[in-house]
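Scroll down for the structure; my scribbles are underneath it.
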Amino acid sequence: MGAYNNDGVLSPIYSLGSSHDVRISKHVHDNVHGNIYLDPLSVKFIDTEEFQRLRELKQLGVTHMVYPGGVHSRFEHSLGVYWLAGEAVQKLKNYQGSDLDIDRFDLQTVKIAGLLHDVGHGPFSHLFEREFLPQVRNGFHWSHEDMSVKMVDHIVNQHHIDIDREMIKRVKEMILASSEFAMPRSSREKHFLYEIVANGRNGIDVDKFDYIVRDCRACGLGCNFEFQRLMETMRVMDDEICYRAKDYLTVHKLFATRADLYRTVYTHPKVKAIELMVVDALVKANDYLDIASHIEDPSQYWKLDDTIIRTIETAPNEELKEARDLILRIRRRNLYQFCNEYAVPKDKMENFKNVTAQDIVCSQKSGVTLKEEDVAVCNVRIDLTRGRHSPLESLMCLFRIMTVRRNSLYVRTTLVTCCLHHIKIC
């Protein structure tokens with residue numbers, strides 16, 4: 001078995017490929033992918049305090065307080081994405097290298113993008129970005145992808161990492177590829193490379209390949225999604241990554257498993273209750289610790305991680321008493337009480353307005369009187385699609401013949417979860 005290289009010479013296909021030369025690589029053993037080989041340039045990024053900080057960021061935030069096994073970190077996830085990104089490019093090079101003109105520069109760029117794509121995450125992952133910052137920085141737009149880009153520049157400058165300027169530019173573009181800051185297609189070369197780590201076109205990328213399998217394993221959920229099948233059969237057509245028509249069920253399983261993780265793990269009622277309590281604790285501690293100011297400077301931001309809760313919990317300062325009390329309630333399992341959830345019918349979603357605490361309070365009947373501050377409402381959208389569109393719809397070429405059934409294959413669901421802060425209603 002062989003493949004044509006860029007010089008048109010038939011060469012053997014090795015499982016590691018030229019991107020993972022064990023003679024010059026370090027390696028670590030990962031419980032999902034086995035041995036991960038780290039090239040010298042990647043090691044320079046890994047061996048920095050900014051990247052090592054990811055060890056102190058749990059991939060699933062506070063989920064481990066409900067699913068005890070969910071203690072894996074952004075560090076191991078980042079290594080996993082690095083590995084899969086390299087494997088993906090190598091497979092494309094093996095099968096289409098002479099047509100796509102993939103070289104070592106491309107390979108290295110995608111691997112570094114996979115390694116650093118999450119380096120800008122805050123404490124407790126998405127909780128920091130989506131729940132905490134909007135309360136203390138009202139109207140201020142911030143995203144972990146944008147911070148990842150700033151952290152990349154900071155690491156390169158702080159540690160004098162010798163890396164090609166064009167490579168670092170493309171790394172940052174790849175990190176932003178699925179965000180609102182993504183560069184328009186016309187400004188890129190080899191557009192398909194930007195769909196490997198963070199795919200803004202249809203959401204099928206190695207980031208999901210890693211975290212879906214890793215999260216399922218950590219939380220004890222069954223996972224019948226086989227990313228290896230997609231990795232083996234993906235091909236580039238019209239400068240976009242495509243998959244065989246008969247693999248549409250594998251793609252469906254990718255998004256179905258992700259939706260199942262949202263329903264059973266990420267939005268578990270007790271997980272949401274603990275998240276709300278952690279957010280309240282951070283908000284109450286913000287004025288004294290000035291937590292939010294860290295996002296303005298990468299040299300300070302890297303010092304912020306999940307241990308902020310331990311800092312609040314053990315500090316003797318009177319200014320942190322309310323925050324400490326909330327954390328103590330979490331430790332003693334005196335959590336905000338889950339009230340109810342309501343699934344919005346599909347035909348009502350078009351004009352559905354997010355429920356607010358005020359809506360709940362205004363609908364009270366005689367009996368216990370609640371105030372707005374007593375109630376927290378989480379409007380959660382769980383679907384298999386990207387907005388109104390099936391992910392299969394964006395796979396182009398052969399996959400387009402399968403999209404005729406997308407309405408029957410995909411169901412959009414909105415869950416509205418209510419939690420009481422202080423009052424338990426029986």
Side-chain angles (χ1 to χ4, degrees), residues 5-6 14-30 33-55 57 73-94 97 100-121 145 147-177 183 188-190 192-198 205-207 209-210 231 298-299 302:
N5 60 26
N6 287 342
Y14 297 102
S15 59
L16 293 178
S18 60
S19 63
H20 310 298
D21 192 336
V22 296
R23 296 170 299 177
I24 59 174
S25 299
K26 291 185 178 181
H27 79 276
V28 296
H29 185 78
D30 179 66
H33 306 299
N35 283 338
I36 291 178
Y37 293 86
L38 307 171
D39 63 75
L41 179 58
S42 298
V43 170
K44 291 180 181 180
F45 283 97
I46 293 170
D47 291 346
T48 64
E49 58 270 29
E50 291 84 0
F51 189 86
Q52 292 291 319
R53 158 186 174 269
L54 298 181
R55 293 181 184 272
L57 296 180
S73 67
R74 290 276 162 188
F75 182 87
E76 54 201 281
H77 166 63
S78 296
L79 294 185
V81 177
Y82 157 87
W83 178 253
L84 292 182
E87 290 288 276
V89 179
Q90 188 63 47
K91 289 181 186 300
L92 291 175
K93 179 177 173 63
N94 288 342
L100 301 178
D101 193 29
I102 297 174
D103 53 29
R104 280 186 171 272
F105 181 90
D106 299 325
L107 190 58
Q108 185 73 76
T109 302
V110 177
K111 287 163 63 180
I112 295 296
L115 183 72
L116 301 178
H117 78 288
D118 270 354
V119 76
H121 260 294
E145 293 96 346
M147 178 52 76
S148 290
V149 165
K150 293 177 181 176
M151 288 294 290
V152 168
D153 285 333
H154 171 73
I155 293 172
V156 170
N157 295 331
Q158 182 70 19
H159 300 277
H160 308 290
I161 295 177
D162 185 15
I163 183 171
D164 185 274
R165 285 191 175 184
E166 180 62 22
M167 180 179 289
I168 209 66
K169 175 178 177 289
R170 294 191 185 186
V171 164
K172 293 187 290 186
E173 289 176 352
M174 289 177 184
I175 291 174
L176 296 174
M183 298 291 289
R188 301 176 184 168
E189 296 179 1
K190 301 179 184 177
F192 66 91
L193 293 174
Y194 294 79
E195 298 183 352
I196 293 175
V197 175
D205 50 49
V206 297
D207 179 31
F209 291 178
D210 183 86
M231 293 273 286
S299 66
W302 77 266

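Because the structure is a prediction, the values reported are computed rather than measured.
Scanning for ring-ring contact (aromatic ring centres under 6.0 Å, His included) contacts around His27 gives Tyr37, with sequence neighbours left out. When the salt bridge (charged side-chain N to carboxylate O under 4.0 Å, His left out) test is applied to Asp164, no partner is found at least two apart in sequence or on another chain. The ring-ring contact (aromatic ring centres under 6.0 Å, His included) test applied to His77 returns His117, not counting sequence neighbours. Listed by chain and residue number, Asn35 satisfy the side-chain hydrogen bond (donor to acceptor under 3.5 Å, both in side chains) test with His29 (two or more places apart in sequence, or in another chain). Partners of Gln52 by side-chain hydrogen bond (donor to acceptor under 3.5 Å, both in side chains), not counting sequence neighbours, listed by chain and number: Arg55. Shown here are the side chain to side chain contact (heavy atoms under 4.5 Å, CB included) partners of Ala113, two or more places apart in sequence or in another chain: Val171, Met174, Val197. Every salt bridge (charged side-chain N to carboxylate O under 4.0 Å, His left out) that Asp118 has, sequence neighbours left out, goes to Arg74. For Asp47, the side-chain hydrogen bond (donor to acceptor under 3.5 Å, both in side chains) criterion is met by no residue, not counting sequence neighbours. For Phe45, the ring-ring contact (aromatic ring centres under 6.0 Å, His included) criterion is met by no residue, not counting sequence neighbours. Take Lys44 and apply the salt bridge (charged side-chain N to carboxylate O under 4.0 Å, His left out) test, not counting sequence neighbours, and it matches no residue. In this structure Glu49 satisfies the side chain to side chain contact (heavy atoms under 4.5 Å, CB included) test together with His159, Trp302, sequence neighbours excluded. Applying the salt bridge (charged side-chain N to carboxylate O under 4.0 Å, His left out) criterion to Glu50, with sequence neighbours excluded, gives no partner residue.
The structure places CZ of Phe51 at 4.0 Å from CG of Leu115, a figure rounded to the nearest 0.5 Å. Atom CG in Leu41 sits 4.0 Å away from atom CD1 in Ile112 (nearest 0.5 Å). Separating the CD atom in Glu87 from the CD1 atom in Ile196 is a distance of 11.5 Å, to the nearest 0.5 Å. Ile46 contributes atom CD1, which lies 5.0 Å from atom CG of Leu79 (distance to the nearest 0.5 angstrom). We find the OG-CG distance between Ser73 and Leu54 to be 7.5 Å, quoted to the nearest 0.5 Å. The NE2 atom of His33 sits 12.5 Å away from atom OH of Tyr82, with the distance rounded to the nearest 0.5 Å.
The heavy-atom pair separating Phe105 from Arg170 by the smallest distance is CE2-NH1, 4.0 Å. Between Met147 and Gly120, the closest heavy-atom pair is CG-O, 3.6 Å. Taking both residues in full, the closest heavy atoms of Ala177 and Ala198 are given as CB-O, 3.2 Å, listed atom of the first, atom of the second, then distance.
Proximity of a side-chain donor or acceptor of Glu195 to a complementary backbone N or O of Phe192 within less than 3.5 Å is not detected. Side chain of Lys93 to main chain of Ile102: a donor-acceptor pair is present (N/O by atom type, distance under 3.5 Å, no hydrogens or angles).
Ile155 is listed as a side-chain neighbour of Val119, based on a closest heavy-atom distance under 4.5 Å. A heavy-atom distance below 4.5 Å is found between the side chains of Met231 and Val206. Lys172 places none of its side-chain heavy atoms less than 4.5 Å from the side chain of Ser148.
Each of Leu100, Val110, Asp103 was checked for a side-chain contact (heavy atoms from CB on, under 4.5 Å) with Lys190, and the lone residue meeting it is Asp103.
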Legend entry - Pair Thr109-Leu193, side-chain contact (heavy atoms from CB on, under 4.5 Å): steps then yes or no: CA-CA 9 Å; Thr109 302; Leu193 293 174; over 6 Å; no

